**Student:** 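Dropping the structure in here first, questions after.
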Number of protein chains: 2
Amino acid sequence: MRQETLAALKDKGFRLTKIRKFIVEIFYSSEAVPISAPELRTRLLAQNVKANKTTVYRELDFLSDQGIIVEINAGDGKKRYELQRHGHHHHILCLRCSAVECVTIENCALEDQLNSVDLKNFKVTGHALNFFGLCEGCRPYTECR
Amino acid sequence: MRQETLAALKDKGFRLTKIRKFIVEIFYSSEAVPISAPELRTRLLAQNVKANKTTVYRELDFLSDQGIIVEINAGDGKKRYELQRHGHHHHILCLRCSAVECVTIENCALEDQLNSVDLKNFKVTGHALNFFGLCEGCRPYTECR
DNA sequence: TTGACAAATGCAACCTCGTTGCAATATAAT
DNA sequence: ATTATATTGCAACGAGGTTGCATTTGTCAA
């Protein structure tokens, strides 16, 4: 999969730079866990890949434009991204450690009911359903930090 | 209502300062429209009340601690607040002008189904359902700005 | 009415996340 | 190897938000 993605980019005339290849690899190896720009930078550094923050933000924009990743909103203020190929799902945010994971709700009735309806004179074009709670590691704690 | 709220604060030993009284008044007169810290500051200025941004943030924290307002998440990165007495509802965000309003969904099945269930080993304590779209004024436009 | 004490405020400095313009570098086709 | 331009790094900036500390200001009791 990664290879096809990279090959497709090359076909379109874009370059397969070291940073770009690492970033694509990171997204493919982080299936159910969306990644923020700062996190991505940290992950690159962990692999000894130094990338300026500007570059990271631009690469996220680029991969979004190319339809490879999509921006998701997990309910805290931070933008996160995940591979575009995910099916419809939602996200859950740990209120203590800010970990985010993808979750799928069986029989999520919402989708059919709510798209493209009128609410308060708004033309509704989409929605997001986010869950909040405590992840496995943070369950013992009551307080957020 | 505003008067009871203020009296209750005074009873607890807190002071009824000019800024605090104006802020409480603003929240009471902005029923269905959540307010962000910068917006609140602007509204104060519009009434010739100068408040340092630190003060505004601290007052929002204070009123949250006192259970008078609650922080809501409208799906963009910004924290907004609204009076706590609102019943259960959701929020809709205009993708063009960032206006936010409260909306109530009839027969919102979500609540009963989803609170306090286990998802991905998370202890789920809450959720947020946000809608995105174009408000009345922005309907004519397709592009976000 | 006036102190006095603590609550509230302002200020400056700082942080994170994110963006922009421009110069320097590196990919990839020739 | 050369070249065009895609990509990167750097510096500077901006919004939103936080912190420590000194100053001001409600409030209450004398």
Side-chain angles (χ1 to χ4, degrees), chain A residues 6-24 34-45 47-66 68-69 71-81 93 97-98 100 144-145, chain B residues 5-24 34-45 48-66 68-69 71-81 93 97-98 100 144-145:
Chain A
L6 292 175
L9 285 180
K10 194 166 186 178
D11 282 353
K12 291 193 209 168
F14 300 111
R15 294 176 187 170
L16 270 35
T17 62
K18 184 180 171 190
I19 292 176
R20 178 162 294 161
K21 283 185 282 188
F22 267 92
I23 290 180
V24 168
I35 308 170
S36 70
E39 281 162 10
L40 182 52
R41 229 184 144 197
T42 304
R43 293 218 202 181
L44 288 168
L45 271 177
Q47 296 179 277
N48 281 306
V49 178
K50 276 193 273 285
N52 189 278
K53 71 171 171 174
T54 310
T55 303
V56 169
Y57 281 107
R58 279 197 282 233
E59 194 62 26
L60 289 170
D61 284 346
F62 171 79
L63 293 175
S64 295
D65 287 346
Q66 296 304 314
I68 296 169
I69 60 177
E71 183 188 320
I72 67 107
N73 152 261
D76 57 354
K78 281 109 192 166
K79 291 180 182 178
R80 288 184 178 75
Y81 298 83
L93 167 74
C97 73
S98 298
V100 174
C144 296
R145 58 185 159 195
Chain B
T5 299
L6 292 175
L9 286 179
K10 195 167 188 178
D11 282 353
K12 292 193 210 167
F14 300 111
R15 294 178 186 169
L16 270 37
T17 61
K18 185 180 169 189
I19 292 176
R20 178 162 295 161
K21 285 185 280 188
F22 267 93
I23 290 180
V24 169
I35 308 170
S36 68
E39 279 162 12
L40 181 53
R41 230 184 142 196
T42 304
R43 292 218 204 180
L44 287 168
L45 271 177
N48 280 305
V49 179
K50 276 192 275 282
N52 190 277
K53 72 171 171 173
T54 309
T55 303
V56 170
Y57 283 107
R58 279 197 281 234
E59 194 61 26
L60 289 171
D61 283 345
F62 171 79
L63 294 176
S64 296
D65 287 347
Q66 295 306 313
I68 296 168
I69 60 176
E71 182 188 322
I72 66 108
N73 151 261
D76 56 354
K78 281 109 193 166
K79 290 181 182 176
R80 287 183 179 77
Y81 298 82
L93 167 73
C97 73
S98 298
V100 173
C144 298
R145 59 184 158 194

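Residue numbers begin at 1 in each chain, while the letters A, B, ... track the order of the sequences. All of these numbers come straight from a predicted model, not from anything done at the bench. Values reported hereafter were calculated over all heavy atoms of this structure, with side chains retained and with hydrogens, waters and symmetry mates removed.
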**Student:** Between atom NZ in A:Lys18 and atom P in C:dA28, what is the gap in whole Å?
**Tutor:** 14 Å
**Student:** What about A:Ser36, does its side chain sit under 3.5 Å from the base of C:dC17 through a donor-acceptor pair?
**Tutor:** no
**Student:** Working to the nearest 0.5 Å, report the span between CZ of B:Arg58 and CG of B:Asp65.
**Tutor:** 13.0 Å
**Student:** Rounded to the nearest angstrom, tell me the gap between atom CG in A:Leu60 and atom P in C:dC17.
**Tutor:** 13 Å
**Student:** 5'-most contact on DNA chain D: B:Asp61 or A:Gly13, nearest heavy atom basis?
**Tutor:** A:Gly13
**Student:** Tell me whether the side-chain N or O atoms of B:Thr54 pair up with the base of C:dA12 as donor and acceptor below 3.5 Å, since no angle test is needed here.
**Tutor:** yes
**Student:** Contact between A:Arg20 and A:Phe14 at the side-chain level, heavy atoms closer than 4.5 Å - yes or no?
**Tutor:** yes
**Student:** Taking A:Arg80 for its side chain and A:Ala74 for its backbone only, find out whether a donor-acceptor pair lies under 3.5 Å.
**Tutor:** no
**Student:** Between the side chain of B:Thr55 and the main-chain N/O of B:Ala51, is any donor-acceptor distance below 3.5 Å?
**Tutor:** no
**Student:** Using a distance-only criterion (donor-acceptor N/O pair, under 3.5 Å, no hydrogens), is the base of D:dG17 paired with the side chain of B:Lys53?
**Tutor:** yes
**Student:** At less than 3.5 Å, do the side-chain atoms of B:Arg58 and the base atoms of C:dG10 form a donor-acceptor pair?
**Tutor:** yes
**Student:** Expressed as a whole number of angstroms, how long is the span from B:Arg20:CZ to D:dT25:P?
**Tutor:** 15 Å
**Student:** Classify the side chain of A:Thr17 and the base of D:dT8 as holding, or not holding, a donor-acceptor pair under 3.5 Å.
**Tutor:** no
**Student:** Roughly how many Å is it from NZ in A:Lys21 to C1' in D:dT7, rounded to a whole number?
**Tutor:** 13 Å
**Student:** How many Å lie between CG on B:Asp65 and P on C:dA8, as a whole number?
**Tutor:** 11 Å
**Student:** Does any donor-acceptor pair link the side chain of A:Arg15 with the base of D:dT5 at a separation under 3.5 Å?
**Tutor:** yes
**Student:** Starting at CD1 of A:Ile19 and ending at P of C:dA26, how long is that distance when rounded to a whole Å?
**Tutor:** 11 Å
**Student:** Start at the 5' end of DNA chain D and walk down; is the nucleotide closest to B:Tyr57 or to B:Phe14 reached first?
**Tutor:** B:Tyr57
**Student:** A:Glu39 vs A:Thr42, test: side-chain contact (heavy atoms from CB on, under 4.5 Å). Steps then yes/no.
**Tutor:** CA-CA 5 Å; A:Glu39 281 162 10; A:Thr42 304; 5.5 Å; no
**Student:** Send over the distance from A:Phe22 CZ to D:dT8 C1', rounded to a whole Å.
**Tutor:** 16 Å
**Student:** Take the protein atom CG of B:Asn52 and the nucleotide atom P of D:dT23, then report the distance between them rounded to whole Å.
**Tutor:** 16 Å
